[in-house]
Protein chains: 2
Amino acid sequence: MAARTGKARAGETAKQDAKAKLLEAALTTIRTKGYAATTVDELCAAAGVTKGAFFHHFKSKEALGVAAAEHWSQTTGEMFAGAPYHGFADPLDRVLGYVRFRKSLLTGGVPEFTCLVGTMVQETYETAPAIRDACARSISGHAKTLEADIEAAIAARGMVPGWTAASLALHTQAVLQGAFILAKAKGGADVAAESVDHLIRYIELLFGAGTR
Amino acid sequence: MAARTGKARAGETAKQDAKAKLLEAALTTIRTKGYAATTVDELCAAAGVTKGAFFHHFKSKEALGVAAAEHWSQTTGEMFAGAPYHGFADPLDRVLGYVRFRKSLLTGGVPEFTCLVGTMVQETYETAPAIRDACARSISGHAKTLEADIEAAIAARGMVPGWTAASLALHTQAVLQGAFILAKAKGGADVAAESVDHLIRYIELLFGAGTR
DNA sequence: CGACACATACCAACCAGTCGGTATGTAAGT
DNA sequence: ACTTACATACCGACTGGTTGGTATGTGTCG
């Protein structure tokens with residue numbers, strides 16, 4: 001089992017196998033049960049590796065939490081970077097395209113569409129600053145990717161709003177995170193989708209959709 | 001609750017003392033560290049009672065979680081029922097009054113203004129159905145108190161909106177819950193307040209404020 | 001007395017983290 | 001070519017402290 005190596009370019013592919021599997025297991029397990037209720041043994045079992053492998057790659061459970069948040073930032077970042085809405089010519093269409101894209105992601109089971117870092121930060125914000133900061137970076141970094149388009153949409157319309165592009169970008173994240181909580185409480189994606197619909201309507205109203 | 005029997009007067013002070021203190025300790029401790037990370041021993045220490053008292057009043061940790069959610073519903077319910085915004089004549093003013101009141105509550109430390117049930121449901125929605133349902137009832141019940149005013153505001157303006165009063169009421173809860181997550185991640189109430197400002201602006205736009 | 005509200009003592013299961021060991025690859029010395 | 005030395009990746013038994021929960025005792029009040 002250990003020696004999946006032994007072929008071609010040395011252990012490049014098989015290497016990091018346990019680490020990647022642990023990170024992947026962390027995403028689903030923590031989103032399902034939360035960070036505190038997820039045990040190291042459970043993660044190891046889900047990933048099909050041993051405890052030795054866990055503590056070889058992560059110096060503590062907290063370190064795994066930080067790594068999981070960073071892994072989440074990276075994989076979701078790549079996913080959004082490759083999404084089709086970036087192709088729209090009008091910056092407002094790109095902003096609305098983003099939110100509609102988020103809405104389209106609201107399918108399947110609750111643990112599949114909810115947010116890892118939103119879940120983790122609730123439990124760790126006071127007790128594990130390293131995880132909290134990693135989660136904060138993830139959310140802020142993601143919101144940042146919206147700012148330029150919002151700013152451009154404001155400029156294109158010659159608007160001088162009483163709010164900032166940054167605050168609207170963060171507000172979209174607040175609505176999504178809150179929608180996830182509602183989905184968890186009510187056991188389905190429908191409530192979440194309705195809340196996202198209100199967000200879409202808000203952005204359209206803000207930019208005077210229909211009058212443009 | 002059940003044991004409020006006995007005399008209407010007389011030595012009532014000490015009675016139920018442990019239960020009330022445990023519930024109170026649960027509110028602050030769970031909001032700070034989350035449900036899973038909060039231990040029974042810790043709760044007992046914070047409440048100044050022993051473990052025997054804990055398991056005398058609650059048959060399990062999960063039962064405490066359910067009771068805490070119900071206690072939360074009741075105390076916050078009384079607080080909102082007594083809030084001044086109910087006195088406004090215009091139903092829209094009552095709706096906006098509610099949201100502005102929520103914004104005014106965003107002071108002090110993060111564990112002081114965040115929501116118990118929003119925190120708990122994230123960790124327990126898959127693993128403790130009884131707690132999840134208690135949290136769902138708390139959120140839905142609270143949202144319900146807004147519906148009549150939203151409905152009245154719609155009727156007063158003769159509107160036929162493409163959304164429902166129920167969905168807007170739930171959306172306000174989503175924004176608040178999401179704002180709490182942002183506050184936890186960024187370590188302050190400011191982000192939360194800005195998100196609530198966007199919610200206020202949305203409601204004003206929805207009802208055509210300025211043109212009424 | 002007997003029910004109730006608590007306290008004390010205790011336990012089995014579980015937890016994060018440790019440690020000595022093995023398998024494999026790599027690079028330098030000879 | 002072959003050893004020596006070191007690094008990486010992983011294994012799994014073990015540990016000491018913690019956890020939720022229990023069994024039983026004690027004081028008080030009606």
Side-chain angles (χ1 to χ4, degrees), chain A residues 1-23 25-26 29-30 33-68 123-124 127-128 130-131, chain B residues 1-26 29-30 33-68 120 123-124 127-128 130-131:
Chain A
M1 211 126 283
R4 212 190 254 95
T5 56
K7 261 299 83 136
R9 316 298 229 68
E12 294 256 334
T13 44
K15 218 166 201 168
Q16 292 289 98
D17 204 35
K19 186 171 185 177
K21 273 150 78 178
L22 280 166
L23 249 13
T29 310
I30 296 176
K33 320 183 48 177
Y35 171 78
T38 296
T39 69
V40 173
D41 283 316
E42 202 175 357
L43 247 20
C44 293
V49 305
T50 61
K51 224 163 172 179
F54 184 99
F55 285 100
H56 171 71
H57 291 290
F58 308 102
K59 79 169 211 291
S60 65
K61 186 189 173 187
E62 185 173 338
L64 177 273
V66 173
E123 298 178 67
T124 59
T127 49
I131 296 180
Chain B
M1 271 111 199
R4 261 280 150 72
T5 54
K7 277 317 134 41
R9 33 144 218 256
E12 280 233 350
T13 42
K15 214 159 196 166
Q16 291 290 103
D17 208 32
K19 187 172 185 178
K21 273 150 77 177
L22 280 165
L23 250 13
E24 210 51 43
T29 310
I30 295 176
K33 321 182 48 178
Y35 171 78
T38 297
T39 70
V40 174
D41 284 316
E42 200 175 359
L43 246 21
C44 294
V49 305
T50 62
K51 228 163 166 179
F54 184 99
F55 285 100
H56 172 71
H57 291 289
F58 309 102
K59 79 169 212 292
S60 66
K61 187 190 173 187
E62 185 173 339
L64 175 276
V66 173
M120 271 204 298
E123 296 178 67
T124 59
T127 49
I131 296 180

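The sequence lines fix the lettering, A, B, ..., with proteins before strands; numbering per chain opens at 1.
Applying the side chain to side chain contact (heavy atoms under 4.5 Å, CB included) rule to B:A37 yields the partners A:A36, B:K33; only residues at least two apart in sequence or on another chain are considered. Every residue meeting the ring pair (Phe, Tyr, Trp, His ring centres under 6.0 Å) condition with B:F58, not counting sequence neighbours, appears here in chain and number order: B:F54.
Listed here is the closest heavy atom pair of A:V49 and A:A18: CG1-CB, 3.8 Å. Across all their heavy atoms, B:G65 and B:I131 have their closest contact at CA-CD1, 4.1 Å. Closest approach of B:A26 to B:L64, counting heavy atoms only: CB-CD1, 4.1 Å.
Following rounding to the nearest Å, A:D17 (CG) and D:dA9 (P) show an atom-to-atom distance of 11 Å. Residue B:F54 contributes atom CZ, which lies 16 Å from atom P of C:dA5 at whole-angstrom precision. For B:K21 and C:dA7, the NZ to P distance is 8 Å, given to the nearest whole Å.
Proximity of A:H56 to the phosphate of D:dC10: no side-chain N or O atom is located under 4.0 Å from OP1 or OP2. Between B:H57 and C:dC6, a side-chain N or O to OP1/OP2 separation shorter than 4.0 Å is present.
Note that the CG atom of B:L43 and the CG atom of B:L23 stand 9.0 Å from one another [nearest 0.5 Å]. The line from NE2 of B:H56 to CG of B:L22 is 11.0 Å long, rounded to the nearest 0.5 Å.
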Atom pairs, protein N/O to nucleotides 16-20 of chain D N/O, distance under 3.5 Å:
unit_1 : atom_1 : unit_2 : atom_2 : d
D:dG20 : OP1    : B:K61  : NZ     : 3.4
D:dG20 : OP2    : B:V40  : N      : 2.9
D:dG20 : N7     : B:K51  : NZ     : 2.8
D:dG20 : O6     : B:K51  : NZ     : 3.2

Just the atom pairs and distances: protein N or O near nucleotides 23-25 of chain D's N or O, under 3.5 Å.
none

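Note on residues 49-63 of chain B: pairs passing salt bridge (Lys or Arg N to Asp or Glu O under 4.0 Å), not counting sequence neighbours, are B:D41-B:K51.
Residue B:V49 has its side chain nearest to C:dA7 when only D:dG12, C:dA7, D:dA9 are considered.
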